[in-house]
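Below, chain A is the first sequence line, B the second, and so on; all start at residue 1.
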Amino acid sequence: MILRMSSLFLRTLRDDPADAEVPSHRLLVRGGYVRRVAPGVFTWLPLGFLVYRNVENIVRAEMDAAGFQEVHFPALLPREPYEETNRWTEYGDTLFRLQDRKGADYLLGPTHEEMFTLLVKGEYSSYKDLPLVIYQIQTKYRDEARPRAGILRGREFVMKDSYSFDVDDAGLETSYQRHRDAYISTFDRLGLEYVIVSAMSGAMGGSASEEFLAMTEVGEDSFVRCSACDYAANVEAVVTPAPAAVDASDVPAAHAEDTPDTPTIETLVDISNSRPDLARSDRAWSGADTLKNVVFMVVDPEGNRTPLAIGLPGDREVDLKRLEAALSPSIAEPFEEADFDQHPALVKGYIGPGILGEEAASGIRYLLDPRVVAGTRWITGANEKGRHVYDFVAGRDFVGDGTIDVAEVREGDACPSCGGALVLARGIEIGHIFQLGRKYAEALDLKVLDENGKLVTVTMGSYGIGVSRAVAAIAEQSHDDRGLIWPREVAPADIHLIATGKADEVFEAAADLAQRLDAAGIRVLYDDRKGVSPGVKFNDSELLGIPTIVVVGKRLADGFIEVKDRRTGEREDVAVEDVFDVIRGILEA
RNA sequence: CGGGGCGUAGCGUAGUGGCUAGCGCGCCUGCUUUGGGAGCAGGAGAUCGGGAGUUCGAAUCUCCCCGCCCCGACCA
């Protein structure tokens, strides 16, 4: 393949586009790889489409190598299957809906669980046919509330989605592991730096779902990783280790004190330290000595509203994402003034455990942070305006109805696996593997006969890779201030060959080299533009990011051609007769 | 959906009520130039996001709408 810049459909931009913020978006637009046509909808230009296809082909090759079979569904789908699983409704505004000329409802597929399930149901009916894994690489449509960051989060994007079908849980586990392995080789081959995080809290089902996150500052998922071991998890899934119980036998009896005007933790800590009768002799009080009690209104799927109180150390906030994950499928709403009016026992700013709990005066369910173990002593609200209780000991003076692990996770928190310090990082989800179980098979009645002639419901897994997103993720991880730097396997070409100057010999030598490289199966982008200054060509080559740059120019007269590494910037002059072999050596390395 | 910023030629931008909407990049023609985004000369390219209004006069002021970007909410 020889792409000639003189005729290539490409226009690079000297300035950053004003609407692009993140590096991948900026550079892909500047480099002429993509153009926006609508919010979250992009056109791939020739160079961009080459990169995209390279990524797609790597994904396909790895899926095929794992023994999965490729199929291809339409993107345009009828309503009925999605009606059966209730997703026509559940998907809400995110679903692109349309009607045909007769007024029948259609949708543009946001994901294809229903279609795969129905396809298998139509073809297979015996355990002997399983296990089965089929996949597709398809354009998906989701009318996201906020597409952002160019290719990274679009409304039209390409996803590889596969589905596994097994008769039993052990089979599902095996299919899941096969995908996990295939994903590792895929992302390794794509040159991505990523972590695998468990996507669900341990309480909800162990390793049933894991996400592959490409590490990048502009990612939208927060996760933690351990600085000491290989633990990594979504913030929602982090399990706070409960400390050992403390001996509190020498703690004095709890005593309530007047603490006027202390509705916040900060004001409470200040007054506790500044008044001699309250201050500690050994050290100052801190927010971590206080027990904050936060009340939420929990709304279940039927719409029933139940208050829930959460007690946690005063220096931490409740993390709303963690709370949502813990309460799912119910959701949490803030406790409004009107709700306080309904529950006069709750004194805003001075709520204490005394009245909380299903058995207590308020009847409000009261859950404690795992750090609040038996024997820990706290300063907490006395349920009277302007009063707090000191030396209030968990287990002795109060108990909760259970624990809930929804406090914010902070850098430096203890790793649940080894106790090391956790660090926070950001990533973008490029893959997700998920043990679906029998949800869709049940809804769509996918059953097979087992070896005893009995009907059993098939168990499924679903596994996705964001193919177009992976292109952006690679760009995000692999660039410098001059432009993109593609890993060779996804680069639009192996060699960016530049002819500079106006001497005919230069262009003849370059054209000849291009031919020989092409004949050897090396992909060449050849800058054969006449009358374009060397500076422009060099800058373009750095912006476009092909890993090896070869310059035929003024040193040709001395018998040399320059070979440059895009990433390191290292350049060497190579004798004309050696250039071909040197390039081949670089490509084989 | 909430908060913030913004919308002028393909791209980046100037222009706070008054002349024919200015500049840079890119594009076209000619000449010169060729190792780090060249020079000179000439040229094409704009319903100033849309609509309504105020005014003798609107890119500029008012109202409504549309769209974009960022943060948050939401999100297989």
Spacing of [X] atom [atom1] relative to [N] atom [atom2], expressed in whole Å:
| X | N | atom1 | atom2 | answer |
| --- | --- | --- | --- | --- |
| A:Leu543 | B:C11 | CG | P | 17 Å |
| A:Lys439 | B:A76 | NZ | C1' | 10 Å |
| A:Leu152 | B:C69 | CG | P | 13 Å |
| A:Met5 | B:G37 | CE | C1' | 13 Å |
| A:Arg36 | B:G10 | CZ | C1' | 14 Å |
| A:Glu572 | B:G35 | CD | P | 22 Å |
| A:Asp16 | B:C25 | CG | C1' | 13 Å |
| A:Leu107 | B:A76 | CG | P | 16 Å |

Choose from [options] the nucleotide whose nearest atom is closest to any side-chain atom of [X].
| X | options | value |
| --- | --- | --- |
| A:Asp15 | B:A76, B:G12, B:A38 | B:G12 |
| A:Thr12 | B:A76, B:G37, B:C27 | B:G37 |
| A:Glu21 | B:G36, B:A76, B:C69 | B:C69 |
| A:Arg142 | B:C25, B:A76, B:U33 | B:A76 |
| A:Glu113 | B:C27, B:A76, B:C25 | B:A76 |
| A:Ser533 | B:U34, B:A76, B:A38 | B:A38 |

What does [X] touch in the nucleic acid at a heavy-atom separation under 4.0 angstrom: a base, only the sugar-phosphate, or nothing?
| X | result |
| --- | --- |
| A:Thr111 | nothing |
| A:Asp540 | base |
| A:Arg571 | base |
| A:Asp19 | sugar-phosphate |
| A:Pro110 | nothing |
| A:Ala149 | sugar-phosphate |
| A:Arg482 | base |
| A:Glu211 | nothing |
| A:Arg30 | base |

Whether [Y] and [X] form a salt bridge (side-chain N of Lys/Arg under 4.0 Å from carboxylate O of Asp/Glu) is what I want to check.
| X | Y | result |
| --- | --- | --- |
| A:Arg438 | A:Asp166 | no |
| A:Arg26 | A:Glu21 | no |
| A:Lys564 | A:Glu572 | no |
| A:Arg410 | A:Asp319 | no |
| A:Asp527 | A:Arg4 | no |
| A:Arg316 | A:Asp413 | yes |

Among A:His496, A:Arg566, A:Arg482, which residue meets the side-chain hydrogen bond (donor to acceptor under 3.5 Å, both in side chains) test with A:Glu542? A:Arg482
Rounded to whole angstrom, note down the [atom1] distance from [N] over to [M].
| N | M | atom1 | answer |
| --- | --- | --- | --- |
| B:G22 | B:C48 | P | 14 Å |
| B:C23 | B:G17 | P | 22 Å |
| B:C65 | B:C1 | P | 12 Å |
| B:U47 | B:G42 | C1' | 28 Å |
| B:U60 | B:U8 | P | 14 Å |
| B:C11 | B:C27 | P | 15 Å |
| B:G18 | B:U13 | C1' | 23 Å |
| B:U16 | B:A21 | C1' | 15 Å |

With distance as the sole criterion, do the side chain of [X] and the base of [N] form a donor-acceptor contact below 3.5 Å?
| X | N | result |
| --- | --- | --- |
| A:Arg148 | B:G72 | no |
| A:Lys564 | B:G36 | yes |
| A:Glu542 | B:G36 | yes |

Is the shortest side-chain N/O distance from A:Thr500 to OP1 or OP2 of B:G35 below 4.0 Å?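 Indeed not, no polar side-chain atom of A:Thr500 lies that close.
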Any A:Lys554 side-chain N or O less than 4.0 Å from OP1/OP2 of B:G35: no
Would you call the rings of A:Tyr141 and A:Phe96 parallel, tilted or perpendicular, taking 30° and 60° as the class edges?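 Taking A:Phe96 first and then A:Tyr141, their aromatic rings stand perpendicular (interplane angle over 60°).
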Within 45° of the six-membered ring axis of A:Trp88 and under 6.0 Å from that ring's centre, is NZ or CZ of A:Arg97 located there?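 Output yes; distance and angle both within limits.
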Would A:Lys160 count as a cation-pi partner of A:Tyr183, with NZ or CZ less than 6.0 Å from the six-membered ring centre and within 45° of the ring normal? no
In dot-bracket notation, what is the pairing pattern of RNA chain B, taking Watson-Crick (N1-N3 plus N6-O4 or O6-N4) and G-U wobble (N1-O2 and O6-N3) contacts under 3.5 Å, with [ ] crossing and | for other strands? ((((((((.[[[[.)..(...]]]].((((((.....)))))).....[[[[[..)....]]]]])))))))....
Contacts of A:Pro17 and A:Val551 projected onto RNA chain B by closest heavy atom; the upstream (5') one is A:Pro17
Closest nucleotide of RNA chain B for A:Arg11 versus for A:Arg87: which of these residues is on the 5' side? A:Arg11
Are side-chain heavy atoms of A:Leu45 and A:Tyr33 found at a separation under 4.5 Å?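 No, every pair of side-chain atoms sits at 4.5 Å or beyond.
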